[in-house]
Each structure stands twice: as C-alpha cells, then as structure tokens.
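Encoded as structure tokens, the structure appears first; notes follow it.
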Amino acid sequence: MAELITYREAVARALAQEMERDDTVYLIGEDVAAAGGVFKTTPGLLERFGERRVRDTPISEEAIIGAVMGAAMNGLRPVAEIMFSDFLATCWDLVANQIAKTRYMTDGQVALPLVIRTANGGGVRFGAQHSQSLENWAMSVPGLKVVAPSTPRDVIALMAASVRDPDPVIFFEHKGLFASRGEVPDGELVGRLGEASVVRSGSDATILALAAMVPKALQAAHELSARGIEATVVDLRCLVPLDTRTILSTVAETGRVFTVEENPRLCGWGAEVVSIIAEEAFYDLDSPVVRITTDHIPLPASDILEDATIPSVARIVDTVIRSLD
Amino acid sequence: MNVAVGAGPDVDTRLRVYRMMLEARRFEEFAHQLFLEGLVKGTSHLGIGQEAVAAGFAAAMRADDLTFCTYRGHNHTLLRGAPPGRLMSELLGRSEGVCGGKGGSMHLTWAPTGAMGSYAIVGAHLPIAVGSAWAAVERGTGQVAVCFFGDGATNIGAFHEALNLAVVWDLPVVFVCENNLYMEYTPIGSVTAVERPAADRAAAYGLEGLLVDGNDPDAMYETASDVIARARAGGGPSLVEAVTYRHGGHSRADPGTYRPDEEVRQWLARDPIPMYRARLAGAGASEERLEEVDQSVEAWIEAAVEEAKAAPEPTVDSIATEVWADGGSRWRN
C-alpha cells in the first residue's frame, strides 16, 4: 500500500515515527507545539506526544540550539526547529563553533546526536531574509551533516536517518516544496544519509540537483527529451556525506554535467562538486561543466524578479541545449 | 554582599576546599612556568586569584553534576575531577592530553566526571548548560548543571536567552558569574548599564540577585550548597555573582598594566589561599594537617608535570579522527 501525502505532512509523519520509536526524541522550536509550526509541518505532535516532548520556545535561536546541544550531550536525541534557515545566522556560533566542533575538540568525549530542522529556500516572495538556500553554509563547516530532501518519501526516510544518526545533522526543508505531493509506503521508512538518487536516466547529459531544483531538473529533462536529448537527473539529497560515487559514475556515462543550484553563485555546492569532477573525472568529460545558479545577489521579493534569478525549467532547458550544440 | 552566615563548613570540608584551591593554584603556576619554557604553546588564561569560586562549587557538587566553564577553565576542569597529568598534557599538546591535543588550553573537557567543556566563545555555554539541565529533568537524573562565566559574558545576547529559557522551563541550572572586574582589558563597569553586571540583572528574570565574596571559600561553598540544593529539589535556576580578581592579565599576552597599582595591591592582600589557610589555622585545623596538605599538593603537581613532560607527542594519524561518531572524518564515499 502507498499513500499520497504532502511534503509538509511528511515532516510531521517522520517526526511522529521517530518519537514513537524512541522516547528520548524531543522537538522544540518557535510555535512548533500548540500552533503546529508556522509552516504547519508539526501539527498533531503536541497532542500525540505531550507538552514535555513537543515544546514551544521563546524567540531565542541561541537558546534553542544551545538547548538541543546540551540535551544531546546529556542523553536526549533532540530535534530543534529554526523557523527560517536565514535565522541560522543568529545562532551560527552554536551551530558552527560549538556543535560542529565539540566532538573533535574533545577527541570524541562528547557526542551530539541532534537534528536542526529548518525551512529553506525561495520562490515564495518573502524577500532576501526569508528565502535563502543556505545548505552551503553548513556544508562548509567540518562536523555537520547536511540533508535537503526533495520528496515526501525522502523527507520521512532521511529525517528518520538523521534522528538516528549519532552526529549533528542540519535538515533543510524546502518551503517551495511543502505543498508538493508524493507517494509514501505504509509502515516505517528509514533511509541512509549520503546516498544520492538517480531519478531519471539518459545518456546525453547529467543534471545534478538538490531540493526544489530536483522537480525543475526533472521537468527540464522531460522537455529536453521531446527535443531528442536524454538527461540523467541526480537528486543529491545529502551534501555531507556526499555521494561522489553516484555523481562520478553518471558523469562517466554521459560526459556532460550541469548543476542546478538555488544558492547564489559563489561557493555553492556545485562549485565543490565540479572541482571533484575536474580532479577525478576530467577525461570522462566531453564538454565544460556548466553551473546553473541563482545570480550572486540577495533574493528580491517581487515574483517577477525572484523567478528571473532562481534557475527555472526554461533556463535549464536552454542552457543544456546551448551547451550541447 | 549576601555573605553566608552560620558556623561554616566543618573542618574536613574546609581542608578539602583548601586543598582544591591549592591544587588549582599550583597547577596554573606550573602551566605558566611551562608556557615560559615554551612547552605550553598558543595562549592560556589563568584563574590565579579566583580559585575560591571553582573550589567552593566543586566541593558542593554531586559526582554526576555537570560543569560548563570558559576558556579560563583550567581550575574548573581540574577540580571537577580531570586527571591532572592528562590535563597538563593537553596544555602541552600531547597525545595523552584529555582532548588528545586537539582541544588545548581553551577547550579542556573531561566528560567522565562531568566537566562538560571549556567554551571559548563568550556566552555560548550558557544555553548549552540550560540544555543539559533540561535533559536532566526529562531523564529524571537529579543532576544540576553549573555554568561559570565572566563578567563580560553578561553583555552578550546568549546570557539573556539562556537565563530567560532556564527560568521559563524552571531548570536545575546555576549560573555563576565570576566578576573579576575586567572584561578582558576594559573595566566591566565602564561598559555595563548597571553596577553589578549579573546580580543587578537577576530581577529581569524573576531571580534573586545573589552577590557573594568570590575570594571567600566558605561563602562560595555555602552559597553553592544552597543554590545547588534548591535546583536539585526542583526550585529552579539561580544566578550568583561572585566578586573576585585575577592576579594576572587577561591572557598570557597581557601584563594587566591597565589596572591601578593600589587596586592590584588590595586584591593581592586578599589572596584567597593564604587568607583561608590562616582562617583554618584559627578554626581547628592544626598546622600539621595544613602542612601535610601543602606537601601533598607539591608532590601531586610534580607528578602531574613529570607525567605531562614525559607524555608522547601526538602522531599525525590522529589529525583526522573523531570528527564523526564513527571515529573518522570522511565526508564522501
């Protein structure tokens, strides 16, 4: 049996699955309990698991992240919600200086099994401070695992894997995907971190994408197919650990690579992936690798402007066609 | 100041506190000496002069209670049970150091006895201590978290966020401000809106402003016993301001010349260790017993220093270990 559910429903289902299984899993954040989350990703959890395990916090991002860090070192497996990923900037000391480094600095004395969930990404007309795609901030800090699912099924499977992981995980939920639907099987669903998914196979080009760029890459591949170009689409799903094996094997099959990145240009995840390809698969390439990214600008609020800068299906199609000419 | 009243701790407890202070003092004096010899590298922030705070609290804490401290954390980590030779080895960057040489002076940690870390970004550990106390409540362990920080930390946002959440969630955490009058080089009074950086702000969180003589080990011990007992009994957090003084500068690079000579002289005259020794001598501790402690601590520190000096250097194999729980550092397949 399978069921069609939304990406946002998958978040609550994933958390419920893990909280049911393990009574050391707790959820805290701003408006996550009584209100069910400002994006309605956590409704019903308070009623089901009670006010001790699902708890509203003040608007205190440092306290939220500090709390889950301290709790993780004292026997809980807590999950924190940072309402918008942009707000990570207000608690980045706790994330990047403390959580990421503590295991290493203490030579393994202190383990931090925790998850920081956060609504990420644009396309929702919120402007520059509520729309960023910040996976690469986390990716650049040793000691953080970085997950960004694109489907309801992966939300559940990778959230479960993140909660069960013994290391700190930053889990990016894409705002633009919350209303999207996908099939999920009945019963417990647990994935593995660090495994990309080849969501479409074609021999002419490889398109590497993440989160909300995955459905756009798939739509682009569909349109390219109508024009005689068959593209492989890889959903990276995790940036750390990075499934370079899958990336490099698809590069070897197609010889042409495109990244589709929602982040601004400089130091996006694609830059790292491209450098790996250049070092390790240079002779597999038939043409230069092309990165399709948002411009290197703060995101504008206007729908006209925002849509013009975030990679679109048309831009992916055009870029691939021009490059293959 | 709310100086503790009553008969004070018994002689055995006082001797224990005296010994702890002396251990901390001698440990740091040797750390400084090894720094001058070029064996301790980088930087170090000494708590010489502030030992009464660390010893008073450490003596009052239960074995499974949790300590969070700052980069000025040699004293706290040592007195919560870290093995001295391995602690000194860490300052020397040796593989037998408590953190394998990866932490260094500013990140001393000894989790097996609840010394949950030295935090070198001012204020960061206050919310972390809150979280550990939250887990203690949820797991029903009865642990209390004690979080030491300097006067400078009261002006950073994490102080406010942590205090507020600790009170709202009614958690067993004790916040201890070691007010040594200077945030690094600048007098705390010149950058703070109130006279008492912690105690005067307690009311903002519905807490009592507890101001204690941080150079009086008995006052520290009794205050610590009170607030820890209250926290353990479900009475929620406390905020203690212990007024004390560091004998040296902020860090090894700082001679502390910005401090008036007369102020330094007065505080050196209030050095908690000789003061306490004299008090104990007048309160039933025989000179023989005090002498025994003094000699025992000398042997203890010499052994620790010898152990550290003899400890092997780390091998480069350890550079990329313990990033992840699998022991390694792989970020790709």
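Every chain is numbered from 1 and lettered A, B, ... according to where its sequence line falls, protein lines coming before strand lines. Small disclaimer: the values here were computed from a predicted structure and weren't measured. Side-chain atoms are counted along with the backbone in the values below, which use heavy atoms only and exclude waters and symmetry mates.
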| message | Is B:Leu66 close to chain A through its backbone or its side chain, or both, or neither, when contacts mean heavy atoms under 4.5 Å? | response | side chain

| Picking from A:Leu15, A:Ile82, A:Ile170, what satisfies side chain to side chain contact (heavy atoms under 4.5 Å, CB included) with A:Arg117? | A:Leu15

| message | With a 4.5 angstrom heavy-atom cut-off, is it the side chain or the backbone of A:Leu114 that approaches chain B, or both, or neither? | response | neither

| query | Would the A:Trp137 and A:Trp92 ring centres measure less than 6.0 Å apart? | reply | yes

| field | Intermediate values then yes/no, side-chain hydrogen bond (donor to acceptor under 3.5 Å, both in side chains), B:Arg252 and B:His45 | value | CA-CA 6 Å; B:Arg252 64 100 188 168; B:His45 303 77; over 6 Å; no

| query | If you tally heavy-atom pairs under 4.5 Å against chain A, which of B:Gly97, B:Ala129, B:Ala124, B:Ala162 wins? | reply | B:Ala124

| Side chain, backbone, both or neither: which part of A:Lys101 has a heavy atom under 4.5 Å from chain B? | neither

| Partner chain A: residue of B:Ala135, B:Ser329, B:Gly103, B:Ala325 with the largest heavy-atom pair count (under 4.5 Å) | B:Ala325

| request: Could you look at A:Leu112 and say if it's the side chain, the backbone, both or neither that has a heavy atom under 4.5 Å from chain B? | output: neither

| field | Winner by heavy-atom pair count (cut-off under 4.5 Å) against chain B, out of A:Leu94, A:Thr246, A:Ile28 | value | A:Ile28

| request: Determine, for A:Asp243 against A:Arg245, whether the closest basic-nitrogen to carboxylate-oxygen distance falls under 4.0 angstrom. | output: no

| task | Carefully, step by step, assess B:Thr67 and B:Arg80 under the rule side-chain hydrogen bond (donor to acceptor under 3.5 Å, both in side chains). | result | CA-CA 8 Å; B:Thr67 290; B:Arg80 280 309 313 290; 2.9 Å; yes

| field | Interchain contact, B:Ala136 with chain A, by part (heavy-atom threshold 4.5 Å) | value | both

| query | Non-hydrogen atoms of chain B under 4.5 Å away: do they reach the side chain of A:Pro78, the backbone, both or neither? | reply | side chain

| chain A contact via B:Thr321 - side chain, backbone, both or neither, heavy atoms under 4.5 Å | both

| said: Counting heavy-atom pairs under 4.5 Å with chain B, which one of A:Gly194, A:Ala72, A:Gly143, A:Pro241 comes out on top? | reply: A:Gly143

| field | Top of A:Ile65, A:Thr106, A:Val240, A:Thr90 for chain B proximity - count of heavy-atom pairs under 4.5 angstrom | value | A:Thr106

| message | Does either side chain, that of A:Gln98 or that of B:Tyr119, offer a donor lying less than 3.5 Å from an acceptor on the other one? | response | no

| note | Pair count under 4.5 Å, heavy atoms only, with chain A: among B:His125, B:His107, B:Glu138, B:Glu90, highest is B:Glu138

| message | Need one label for B:Gln143: side chain, backbone, both or neither, based on atoms under 4.5 Å from any heavy atom in chain A. | response | side chain

| request: Please check if the distance between the ring centroids of B:Phe57 and B:Phe148 is under 6.0 Å. | output: yes

| message | So which residue, A:Arg52, A:Glu61, A:Met139, ends up with the most heavy-atom pairs under 4.5 Å with chain B? | response | A:Arg52

| task | State plainly whether the residues A:Glu280 and B:Arg332 are in salt-bridge range, i.e. N to O under 4.0 Å. | result | yes

| query | Any Lys/Arg nitrogen of A:Arg77 or A:Glu18 sitting under 4.0 Å from an Asp/Glu carboxylate oxygen of the other? | reply | no

| remark: Looking only at B:Val168, B:Leu171, B:Ile121, most heavy-atom pairs under 4.5 Å shared with chain A are made by B:Ile121

| task | Verify the distance criterion only: is there a donor paired with an acceptor across the side chains of B:Ser105 and B:His74 at less than 3.5 Å? | result | yes

